[in-house]
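Dropping the structure in here first, questions after.
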Amino acid sequence: VKSSSDYHTNGEWVITDARHDSTANAYHSTVPCLAGSTRRIVGICSISRPEHRIAQTREVECTRVVLPQVIARGLNVTEVAHDNQVQVKKYVCEELGLLNSYDTWHGTKNVAKELRKICRGTVRSRDVTWFTQLSDKARKTKVHLYWCMKNCNGNPDDLRAKIMNISKHFQGSHFGCQQESPCRVPGYKPHTVLLTNPDAIKVYEKALQRTLIYRYADSYCRCRDTYWIESFNHQLLTYLPKRIHFLSETYKMRMNLAVLDWNENTQRTVTSQRTYPNFRHPDHHHVYNVLISKTYNFVHDIWHMYIERNRESLLPLEDDEGNEMVPVPLGDYEDGDYVIVDDDEDDDNEDGFAFFDED
């Protein structure tokens, strides 16, 4: 992380998100901390029910543990991104004095749903509570909000101004749009119905001001997303399936193995690309990257660490010709070397020896 180009000037931004071991009344709750530049886990904290009984508030408690741990290791954390959790934001801003960012997907997921209230309705309430000129604006508004967050240069005031400019854009006035936008090209034809009804414009602008992105522009202006940590939580199902309950020691052991697996295989090299059809829209095709095969070198490293910590010496043996076998230095053993095996640490007698085999 520290070797990245922007670390010494801007520090590092991290992502946190809670993961529970069951859908209701979880016994274990975990908050991993992922570095935004390298996409690798730099810290993790798990809390069980005996330590904190309320599962809904464990995310704040885990965040209070994992962020100081990461900072204590020497990482210059300047910003924390997470989904919309008010208590986490309060802790990050007031107690740690760091920048807070909300996930863009969580901020826009309900925008289209809320706008449908003014885009469709009964015939009786037409042009009263909903307007026909807004019927094609719900999904388009969500796309425009993403564009506003991405192009506001981290300025919350600029973000609010761009959001309000969406209404001007749908009215056919493009003076506030970016110079490189397609709507600034001469001869541009809009793909939506122009807004001309004053009542519809007023209702639409109020709806824009009610969005989370407009109200909390200071937390959305940096356009952070948390899909990398959501992907890590999805991988955890391989090591910690929610249909099985694990004891605390086993849970933490499997969690650590998942972290080692993720850190070793994240951002693998792309070898090629393939396409597959969208079954809802047969004329559309999705493109996905074909990555190199996963590696599991962390298993080999764990085995070597275990051998180095538990082997005291090599048992002197003779080969088939009667010559004494020369001991192999620690860390240089290979397949076929002899390793002492002592099942009882209390006595001084060695129970025997075994071959060292990487497999």
Side-chain angles (χ1 to χ4, degrees), residues 14-36 39-72 77 79-96 98 100-114 212 215-216 219-220 224-263 265-266 298:
V14 297
I15 311 171
T16 62
D17 187 31
R19 189 262 185 188
H20 305 284
D21 65 348
S22 61
T23 55
N25 196 20
Y27 190 87
H28 296 100
S29 299
T30 303
V31 172
C33 182
L34 184 143
R39 311 292 192 260
R40 287 177 169 82
I41 302 297
V42 294
I44 195 167
C45 174
S46 297
I47 292 180
S48 59
R49 188 183 300 166
E51 298 171 308
H52 191 86
R53 298 198 59 84
I54 305 175
Q56 290 78 8
T57 59
R58 285 184 202 150
E59 180 173 0
V60 182
E61 299 301 321
C62 289
T63 305
R64 290 178 177 273
V65 175
V66 68
L67 286 181
Q69 285 181 353
V70 174
I71 297 174
V77 178
E79 180 187 349
V80 180
H82 57 94
D83 48 12
N84 196 343
Q85 295 292 334
V86 179
Q87 295 299 324
V88 175
K89 176 184 178 180
K90 183 178 180 180
Y91 169 70
V92 169
C93 296
E94 297 182 4
E95 299 189 28
L96 296 182
L98 305 177
N100 178 81
S101 292
Y102 287 153
D103 175 45
T104 56
W105 181 84
H106 287 85
T108 58
K109 67 176 183 178
N110 292 324
V111 169
K113 180 180 179 180
E114 293 296 326
L212 292 174
R215 289 186 292 162
Y216 305 105
S219 296
Y220 287 103
R224 301 301 190 187
D225 50 66
T226 62
Y227 64 85
W228 281 99
I229 208 165
E230 299 289 353
S231 179
F232 170 73
N233 289 336
H234 179 73
Q235 179 191 284
L236 286 179
L237 296 175
T238 304
Y239 292 87
L240 293 168
K242 292 189 176 184
R243 67 181 183 275
I244 302 175
H245 173 73
F246 298 96
L247 297 179
S248 296
E249 292 185 358
T250 305
Y251 181 89
K252 292 180 179 179
M253 178 194 68
R254 286 173 169 266
M255 180 67 68
N256 292 333
L257 290 175
V259 171
L260 293 174
D261 186 0
W262 172 268
N263 286 346
N265 292 288
T266 186
F298 67 93

| How far apart are the closest heavy atoms of Ala258 and Gln235, and which atoms are they? | O-NE2, 3.2 Å
| message | Any side-chain to backbone donor/acceptor pair from Arg254 onto Tyr239? Under 3.5 Å, distance only. | response |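 It does hold such a pair.
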| said: Just so I know, are the side chains of Asp103 and Tyr227 near enough to count as touching, which here means a heavy-atom distance under 4.5 Å? | reply: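 No, side chains not in contact.
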| request: May I ask you to check whether Asn84 and Tyr216 show a side-chain donor-acceptor distance below 3.5 Å? | output: no
| field | Non-hydrogen side-chain atoms of Pro32 and Ile229 separated by less than 4.5 Å | value | yes
| query | For the residue pair Val66 and Ile44, what are the closest heavy atoms and their distance? | reply | CG2-N, 3.5 Å
| said: Under the salt bridge (Lys or Arg N to Asp or Glu O under 4.0 Å) definition, can you give me all pairs with a residue in residues 229-253, not counting sequence neighbours? | reply: none
| message | How long is the straight-line distance from OH of Tyr102 back to OG1 of Thr226, given to the nearest 0.5 Å? | response | 13.0 Å
| task | Output, in order, the C-alpha distance, side-chain angles, deciding distance and verdict of side chain to side chain contact (heavy atoms under 4.5 Å, CB included) for Tyr220 and Leu212. | result | CA-CA 9 Å; Tyr220 287 103; Leu212 292 174; 4.1 Å; yes
| field | Residue pairs fulfilling salt bridge (Lys or Arg N to Asp or Glu O under 4.0 Å) with at least one residue in residues 46-59, sequence neighbours excluded | value | none
| field | Ser29 OG to Asp21 CG distance, which is reported to the nearest 0.5 Å | value | 6.5 Å
| Is any side-chain heavy atom of His28 closer than 4.5 Å to a side-chain heavy atom of Leu240? | no
| message | For Leu67 and Val70: C-alpha separation, side-chain torsions, deciding distance, then whether side chain to side chain contact (heavy atoms under 4.5 Å, CB included) applies. | response | CA-CA 5 Å; Leu67 286 181; Val70 174; 5.5 Å; no
| said: Are Tyr251 and Thr30 packed together at the side-chain level, in the sense that at least one heavy-atom pair is separated by less than 4.5 angstrom? | reply: yes
| query | Between the main-chain N or O of Ser101 and the side-chain N or O of Glu79, is there a donor-acceptor pair closer than 3.5 Å? | reply | no
| field | Under 3.5 Å: donor-acceptor pair, side chain of Asn100, backbone of Val92 | value | no
| query | Could you give the distance from CZ (Arg224) to OG1 (Thr104), rounded to the nearest 0.5 Å? | reply |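 Output value for this atom pair is 11.0 Å.
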| query | OG1/Thr266 to CG/Asp261 distance, rounded to the nearest 0.5 angstrom? | reply | 10.5 Å
| remark: Contacts of Asn263 meeting side-chain hydrogen bond (donor to acceptor under 3.5 Å, both in side chains) (sequence neighbours excluded), chain-then-number -> none
| Taking all non-hydrogen atoms of both residues, which atom of Pro241 and which atom of Thr238 are closest, and how far apart? |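 Nearest pair, atom of Pro241 first, then Thr238: CD-O, 4.4 Å.
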| message | Nearest 0.5 angstrom please: Leu96 CG to Thr63 OG1, how far? | response |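 The CG atom of Leu96 sits 9.5 Å away from the OG1 atom of Thr63.
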| task | Supply the atom-to-atom distance Arg40 CZ to Asn265 CG, rounded to the nearest 0.5 angstrom. | result |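 Output value for this atom pair is 9.5 Å.
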